[in-house]
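What you are looking at is a predicted structure, and each value in this text was computed from that prediction instead of being measured.
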Amino acid sequence: ESKINGLVLLNINEYETQLLGIQNFKELSLFLTILKTFQQNKSNSILSQTKITIPPENLICPLTRKVMKDPVIAQDGNTYERKSIEEWFKKGNNTSPITGEQIE
């Protein structure tokens, strides 16, 4: 079992874990172990030559947590991926996925 200190956990937020596809502590532990291995070997790694860009939060659909390709603004004033918000309403939801307020 890998140990993770509090300082490391404070530097990883929910948004980042979702972007990385981390869903539980076991996956987080594995990710940090892999990252540590890369860091130890960074002089020999292509990772040291790679620039990683994290997209701004306003480009991420709140339903899919992925970068939007076809964004639309719903009645609640929030922006969603068109297909995702359409599926939300097709499932019988009549409220905002973010605020919970009723949408007509």
Hydrophobic cluster of I73, others only, ordered by chain and residue number, side-chain cut-off 4.5 Å: none
Less than 4.5 Å apart, side chain to side chain, heavy atoms only: is that true for I60 and V67? yes
N/O donor-acceptor pairs under 3.5 Å from side chains in residues 80-91, not counting sequence neighbours:
from : atom 1 : to  : atom 2 : distance (Å)
Y80  : OH     : D76 : OD2    : 2.5
E81  : OE1    : K69 : N      : 2.7
E81  : OE1    : D70 : N      : 3.3
E81  : OE2    : D70 : N      : 3.2
R82  : NE     : D70 : OD2    : 2.8
W88  : NE1    : T95 : O      : 2.7

Contacts of type side chain to side chain donor-acceptor pair (under 3.5 Å), residue T64, not counting sequence neighbours: none
